[in-house]
Each structure stands twice: as C-alpha cells, then as structure tokens.
Amino acid sequence: MEEHFSPTQIHKLNYSDGLNDFYIKREDLLPFSFGGNKVRFASEYFKDMKRLNYDCIISYGNSRSNLNRIIANMSKVKNIPCYVISPADESGERIETNNSRMVKNFGVTFIPCKKENVSQTVSWVLNECKSNGLKPYYIYGDIYGKGNEKVAIKAYVEVYNEILEFEKDSQFSFDYIFLASATGTTQSGLICGRLLNGDNRQIVGISIARKKANGKEIILNNIREYLKGDEVLFKEEDICFEDKYVVDGYGEYNIEIIKVIKDILNTDGIPLDPTYTGKAFWGMREFLKQKKIEGKKILFMHTGGTPLFFDYLNKINVGTEDEHPYNTNVSFC
Ligand SMILES: *Cc1c(COP(=O)(O)O)cnc(C)c1O
C-alpha cells in the first residue's frame with residue numbers, strides 16, 4: 001500500500017452550461033479499491049493507527065459508505081482485524097449496495113446498529129475488542145465520533161496544494177471549487193489549505209445530507225481545531241455549505257440528478273452517483289444558474305463512489321431512442 005499518492009489528474013470537461021468552463025479533479029481514480037476521497041482518509045487512519053501502536057480498526061458508516069469499503073479492503077491487505085459498525089437508514093430500512101456487499105466479502109466483523117444507539121454500539125465494540133486482547137482504533141475518535149478529525153483533514157490540505165501546483169503549471173486559477181459535502185471533512189481540509197495559502201476564492205460544499213446550521217458549525221470547529229497555533233484569521237463567510245440540494249436527505253435523489261448523471265456519462269464518460277457526486281454536480285449547476293454566475297473557471301472535485309454508480313445503472317438507462325436510433329431496445333445494462 002502506497003503511503004503517498006501521486007497528484008490526481010485535473011482535466012477540462014466537455015460538459016458546458018454555455019457560460020462557464022468546467023474542470024474536474026479525478027479523486028475517483030486514486031489507485032486503491034475504486035478510488036475516492038476515502039482512500040486518502042483511510043491511508044491516514046492506518047498511518048495514525050500504526051504510529052500509536054493500535055492493532056485493530058473500527059469503521060462506521062451506513063450501507064452506501066465508501067469509507068467502510070475502503071477501510072475493509074485496506075485492513076484485508078494489511079491483515080489487520082476490522083470491525084464495521086453500520087446504522088440502518090433514517091427510515092429504519094437497511095439496503096444492500098455494492099459497497100455493503102464488498103465490505104462483508106472482506107471478512108470484517110459486521111455490527112448492524114440503529115441510528116439512535118451508535119455511541120452505545122461503539123462503546124460495546126471497543127470493550128469487546130479489549131476483552132479479546134486487542135487495542136482498537138476507532139477512526140472517528142471517542143464514542144460520540146469526536147476527536148480524530150485532524151487526521152483526515154490533513155489529507156485534503158495536501159490536496160489543496162495539488163490544486164495550486166496544477167494552477168501554477170497551467171497559468172490560470174479556478175474561481176470556484178465545488179464538492180459533495182457530507183461530514184464536511186474534505187471541505188474543511190480544502191478550506192484550511194486555502195486559508196494557509198492566503199487564497200481568496202469560494203469553496204462550495206454542496207450538502208448531500210445535513211442542514212446548513214449543523215454542517216457549517218462542524219466545519220467551523222474543524223477549521224478552528226486544525227489551525228490552532230497558526231496565526232490565520234478567518235470569518236464565517238469563508239465557509240459556504242449549501243443545503244438547498246439535499247432533496248429529502250441522505251441517499252434521496254430526484255429525476256434531475258439522474259439526468260445529470262446520464263449527461264456527464266454521455267459528454268465525458270465519467271460515472272457519478274445519486275448519493276454523492278451526482279447530487280453535488282446537480283447542486284453546482286443549480287447554484288451557478290441561480291446566482292447567474294458566468295465567465296468563471298470552475299473545478300469540480302470528483303470524490304469517488306464508483307461502486308454506487310453501478311447500483312443505479314438500471315435507473316440511468318443511458319441512450320434513449322432519440323440518441324441511439326439503431327438500438328431502440330438496448331439500455332446501457
Ligand atoms: C464521503 C464522501 C463524500 C463526502 O466527504 P466528507 O468529507 O464526509 O464531506 C463525498 N463524496 C463521496 C463519493 C464520498 O464517499
């Protein structure tokens with residue numbers, strides 16, 4: 001397993017709204033377990049765990065979680081015992097996805113739980129590991145999921161520097177960076193990178209689940225914590241966390257999102273998914289339209305989630321009769 005990744009590619013998209021230029025950073029092509037931002041997180045967690053002499057890892061996330069897949073895969077590669085705690089959806093329902101199926105195939109100890117008793121479950125698993133003579137590392141810190149934010153944030157401070165390198169080489173800079181924001185960790189890292197470099201541009205997190213007040217507060221705390229000791233000033237306005245495009249919450253999507261996914265596959269051959277990147281791309285498009293933004297250079301972070309693209313392939317149904325008159329009965333799958 002690489003301890004350091006080469007910069008991921010940034011390239012221009014064929015996709016256009018006729019007003020702005022779009023570029024994409026291909027975090028989805030990071031060379032491990034189908035890529036994505038969680039490859040960088042997981043790599044940092046395993047490094048931190050090793051440094052602190054822990055010998056088993058505990059991950060947390062629901063059945064769509066890309067992080068669970070990557071932690072499970074990395075633990076398999078490294079031969080480290082892995083526990084995955086997984087809550088049901090808000091509705092109480094539990095779906096299977098390509099991610100959850102892969103998680104189980106990596107031979108982890110899988111612990112289902114309810115959203116209401118996450119902390120009791122984490123606490124129980126920690127004790128269980130200890131009574132088996134293991135030293136457990138919970139990726140999110142304490143039983144309330146706090147205290148270990150810095151480890152993953154650091155990865156995206158470094159990614160911000162990759163963006164700066166690209167800009168230096170290509171002699172232009174991006175006016176906006178857009179990304180799918182869930183816990184806000186990735187966005188916090190990019191914002192810290194921006195602040196540490198004294199840059200002034202908007203990093204817009206399109207929330208895929210959380211409400212603005214909560215999401216923004218978490219990012220603010222992350223930044224305060226990460227930049228403690230550095231003399232960097234920042235204001236609340238530095239954090240743009242947009243919650244207008246969450247639809248009905250995590251994992252919920254609409255026909256517009258499906259259309260965007262189909263468009264980007266047809267214009268650029270890039271897979272997006274309805275839970276994260278497809279929702280964020282749609283949110284970005286609507287944000288630009290509503291604010292009448294034009295003549296800008298825009299960078300979209302492709303944060304991964306490729307297995308989730310395949311979960312929805314039958315809904316995307318690429319190639320309508322108009323587009324492919326010779327194939328009227330053939331859908332993409
Ligand atoms: C986790 C994830 C995100 C969100 O990252 P956060 O740091 O939690 O905000 C975005 N896109 C994909 C594909 C993800 O798996």
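All of these numbers come straight from a predicted model, not from anything done at the bench. Remember, it's 1-based here, ligands and their atoms both numbered in the order they're listed.
The atoms of ligand 1 that sit less than 4.0 Å from any heavy atom of Phe41 are 7 (O).
Taking atom 9 (O) of ligand 1 as the reference point, the nearest protein heavy-atom neighbour is Ala182 N, 2.7 Å. The nearest protein atom to atom 11 (N) of ligand 1, hydrogens excluded, is given as Thr303 OG1, 2.6 Å; this is a heavy-atom distance. Considering only non-hydrogen protein atoms, atom 8 (O) of ligand 1 sits nearest to Thr183 OG1, 2.6 Å. Protein heavy atom closest to atom 2 (C) of ligand 1, with residue, atom name and distance, is Lys38 NZ, 2.4 Å. Among protein heavy atoms, atom 7 (O) of ligand 1 sits closest to Thr186 OG1, 2.6 Å.
With a 4.0 Å heavy-atom cut-off, ligand 1 is reached by the side chain of Asn66 but not by its N, CA, C or O. Of the heavy atoms in Asn37, only side-chain atoms (C-beta onward) come closer than 4.0 Å to ligand 1.
No path of Ile, Leu, Val, Met, Phe, Trp and Tyr side chains, each step under 4.5 Å between heavy atoms, connects Ile208 with Phe309, placing them in separate hydrophobic clusters.
A heavy-atom separation below 4.0 Å is not found between Gly36 and ligand 1. Using a 4.0 Å heavy-atom cutoff, Gln187 is absent from the residues neighbouring ligand 1.
At a 3.5 angstrom cut-off on N or O pairs, Thr277 does not count as close to ligand 1.
In summary, Lys297 and Asp21 engage in a salt bridge, as defined by a charged side-chain N under 4.0 Å from a carboxylate O. A salt bridge is defined here as a Lys NZ or Arg NE, NH1 or NH2 lying under 4.0 Å from an Asp or Glu carboxylate O, and Glu162 with Arg40 meets this definition.
A donor-acceptor distance shorter than 3.5 angstrom exists from the side chain of Asp142 to the backbone of Tyr144, with no hydrogens or angles considered.
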